[in-house]
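Everything on this sheet refers to the single structure shown next.
Only this structure's heavy atoms are used, side chains among them; waters, hydrogens and symmetry mates stay out. By convention in this document, chain letters (A, B, ...) are assigned in the order of the sequence lines, proteins followed by strands, and residues within each chain are numbered from 1.
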Amino acid sequence: MLDIKYITEHVDDVRRAIRDKGVASDLDRLLAVNERRRALQTEFDRLRSESNELGANMALYRNPKSKWHQDAVARGMTPDQIRAEAEKLQSRLTEIKNRVREIETESKGVIEEFDRLMLTVPQVPSAKTPVGPNAEGNVEVRRVGQPRRFDFKPKDHVELGESLGMLDIARGVKLAGARNYVLRGAGCRMHHAILRLALDVIAQRGFELMTVPILVNDDMMRGTGYYPGGEEQAYRCERDGKSLVGTAEVPLTAFHQNEILDEAELPRKYAAVSTCFRREAGAAGKDTHGIYRIHFFDKVEQVVICRADEAESERFHHEIIANAEAVLQALELPYRVMLVCTGDMGQGKVEMYDIETWMPSRGGYGETHSASRFGEFQARRLNLRYRDRDKKIRVCHTLNNTVIASPRILIPLWELNQNADASVTIPKALRPYMGGMERIEPQH
RNA sequence: GGAGAGGUGGCUGAGUGGCUUAAAGCGACGGUUUGCUAAACCGUUGUACGGGCUAAAACCUGUACCGGGGGUUCGAAUCCCCCCCUCUCCGCCA
């Protein structure tokens, strides 16, 4: 969410952001509603001011013990005269009250519409961000590592997983329907090894680890920008007004909702591992093979809450991307970093990079990480602020990135490390987390 | 799930319809005093949205906010209704 003052002062920038991002947001309507909102408030304030003043007098008329009342009697006013004065006052107050009621009724609708429209206004993308309509417009920033060439016919992760007893899709589907799966034995063990490695890396890099609720109040979904708009993507518990999160970004970013932090406490760097739930509505028929697009997975997520400083926020953006790259490099996976264009980045983002990891079965790079810089978009929705050195209250900036998400990352890990004898070699970095196991062999 | 007690400023805690612009204390900050520290004394002390003055602030001014939302009233922290949350006891339970 943007500041309404910023919007009124940068109408052209906002209009361009709406166009480039391709979001539905009626800016003209918002500006008109805002004008009406202000006019109503001005009138409301004026009437209440008068009402407060006259109301205070009323108290004096009505209270025989008040100094004013005794003075009036001393001046020679009779009780009847005082009562008549009170009646006169009261009729004016009733008049005010009626008008105030009208204003309140209209304001309710106007503010509701204002709030609703405000939630649709997109953040203005950074100057660096390429303009483009969709993922086609994303720009490759760098490549690290080489895709492997096989001198035998490689299997895909489903064949490998099932033949090595690590993956059971059929039973996952039996238990919970399409896009579900079961990791078994060494597959499950490797999954947890990856998460533990990622937690160790991120903790070592100065992030505080947390265990957070993953069924959260809907405010948090709104505050982080998933609602309105993303309701179809989430498992929502209607009767509780809560939703299962699609990422630990939600509870981590909302952790300080409605708080005013001290500048000295910033930046806050948090990380959590959580199960992530996604309905994948609208993705019917897309990526249906294997464990690429599934309804639940586990992810280690990193979040930074920092000062409202563009340069600082950019620095943290690079830092959290480097953190993810460190994990990929430890796992010896080839990947590339993409700068995401306006049409593919989402409403709330100022700048966004995706990391894509090489997946032989896809014959290309597949998204495994997403690093976003939000400016104050989320913080303003969450009312997440800090007091700066000059005691001025400012809205924080937030950022986040995947550290690792599994089992999607098992796709390249299994496929790239497979051997001609149908075994899979375990990357060195994971071995300490798997009891020193070096290789997953076919069972006989 | 059942029964009860609560929710007031950074914290503690008064406040049962109007001289309350929320008392008092603590803390924090500023000042006076002091060889230093402490103490004492004096002062200040929230957030949001308008308006005024500004280059911008500071500042002045209005309104709202006593868990959230409605209602009664000329007027609500205070009375009524709904919801949320916390605590205690009971039941159930990983």
Side-chain angles (χ1 to χ4, degrees), chain A residues 1-9 30-31 33-74 82-115 117-118 211 213-223 237-243 254 256-265 275 308 376 379-396:
Chain A
M1 188 159 67
L2 297 170
D3 183 0
I4 184 63
K5 280 183 201 150
Y6 176 91
I7 295 173
T8 56
E9 286 162 16
L30 174 64
L31 295 172
V33 168
N34 183 45
E35 281 311 306
R36 185 65 191 145
R37 180 184 67 92
R38 284 174 53 195
L40 285 170
Q41 199 199 324
T42 302
E43 191 184 354
F44 177 86
D45 287 354
R46 191 166 46 72
L47 288 173
R48 282 306 295 249
S49 176
E50 183 182 349
S51 169
N52 286 342
E53 197 183 328
L54 299 184
N57 290 341
M58 177 69 79
L60 302 177
Y61 283 105
R62 285 284 162 83
N63 183 354
K65 276 186 284 200
S66 77
K67 185 166 184 306
W68 184 92
H69 199 283
Q70 288 169 357
D71 287 350
V73 172
I82 292 174
R83 210 169 300 124
E85 280 298 306
E87 291 304 316
K88 232 165 70 186
L89 255 185
Q90 176 134 344
S91 74
R92 172 58 185 154
L93 282 166
T94 305
E95 217 175 284
I96 292 175
K97 177 189 176 173
N98 290 336
R99 178 56 192 149
V100 165
R101 289 254 154 120
E102 283 171 26
I103 294 173
E104 279 176 335
T105 304
E106 190 185 348
S107 285
K108 210 174 149 187
V110 167
I111 289 170
E112 211 168 280
E113 186 177 8
F114 175 77
D115 290 343
L117 288 166
M118 281 295 280
T211 299
I214 55 177
L215 178 62
V216 300
N217 290 329
D218 283 340
D219 308 8
M220 310 309 157
M221 300 297 279
R222 260 189 299 279
C237 302
E238 187 76 39
R239 63 181 171 177
D240 297 302
K242 297 177 189 191
S243 299
H256 292 292
Q257 187 221 27
N258 284 336
E259 293 181 26
I260 300 176
L261 303 171
D262 200 274
E263 179 166 352
E265 304 176 79
T275 302
E376 62 176 34
R380 191 173 284 281
R381 288 172 168 236
L382 287 167
N383 196 27
L384 163 49
R385 299 171 294 172
Y386 70 98
R387 202 181 300 276
D388 73 11
R389 276 187 251 284
D390 303 324
K391 300 264 189 306
K392 212 167 166 254
I393 289 173
R394 318 189 56 159
V395 178
C396 297

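The separation of B/G71 from B/C87, taken at their C1' atoms, amounts to 29 Å, rounded to a whole angstrom. Taking the P atom of each, B/C29 and B/U37 are spaced 14 Å apart, rounded to whole Å. Nucleotides B/U78 and B/C65 place their P atoms 10 Å apart, quoted to the nearest Å.
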Taking Watson-Crick (N1-N3 plus N6-O4 or O6-N4) and G-U wobble (N1-O2, O6-N3), each under 3.5 Å, can you produce the dot-bracket string of RNA chain B? Use [ ] for crossing pairs and | for inter-strand ones.
((((((((.[[[..)..(.....]]]((((((.......))))))(((((((......))))))).[[[[[..)....]]]]])))))))....
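Using a 4.5 Å heavy-atom cutoff, the side chains of A/Glu376 and A/Asp3 are in contact. You'll find the side chain of A/Arg387 stays beyond 4.5 Å of the side chain of A/Leu261, heavy atoms only.
The side chain of A/Ser49 contributes an N or O atom lying less than 4.0 Å from OP1 or OP2 of B/U63. Contact annotation: A/Arg385 side-chain N/O to B/U47 OP1/OP2 distance is not under 4.0 Å. Between A/Arg46 and the phosphate of B/G50, there is no side-chain N or O to OP1/OP2 separation shorter than 4.0 Å. For the pair A/Arg101 and B/U72, the criterion of a side-chain N or O lying under 4.0 Å from OP1 or OP2 is met. Side-chain N/O atoms of A/Arg387 include none lying less than 4.0 angstrom from OP1 or OP2 on B/U45. Residue A/Asn52 places none of its side-chain N or O atoms closer than 4.0 Å to OP1 or OP2 of B/C74. Taking side-chain N and O atoms only, A/Gln41 has no distance below 4.0 Å to OP1 or OP2 of B/G50.
Within the model, atoms NZ of A/Lys108 and CD1 of A/Ile103 stand 15.5 Å from one another, a figure rounded to the nearest 0.5 Å.
Although no hydrogens or angles enter the test, the distance criterion places a donor-acceptor pair under 3.5 Å between the side chain of A/Glu265 and the main chain of A/Asp262.
Between A/Arg222 and A/Asp219 there is a salt bridge, with a side-chain nitrogen of the basic residue lying less than 4.0 Å from a carboxylate oxygen of the acidic one.
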Please lay out, stage by stage, how A/Arg394 and A/Glu263 fare under the test salt bridge (charged side-chain N to carboxylate O under 4.0 Å, His left out).
CA-CA 10 Å; A/Arg394 318 189 56 159; A/Glu263 179 166 352; over 6 Å; no
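Nearest-nucleotide positions on RNA chain B for A/Thr94 and A/Lys108 put A/Lys108 closer to the 5' end.
The side chain of A/Leu93 lies closest to B/C74, out of B/C74, B/U47, B/U63. Candidate nucleotides B/C74, B/U63, B/G50 were compared by shortest atom distance to the side chain of A/Asp45, and B/U63 ranks first.
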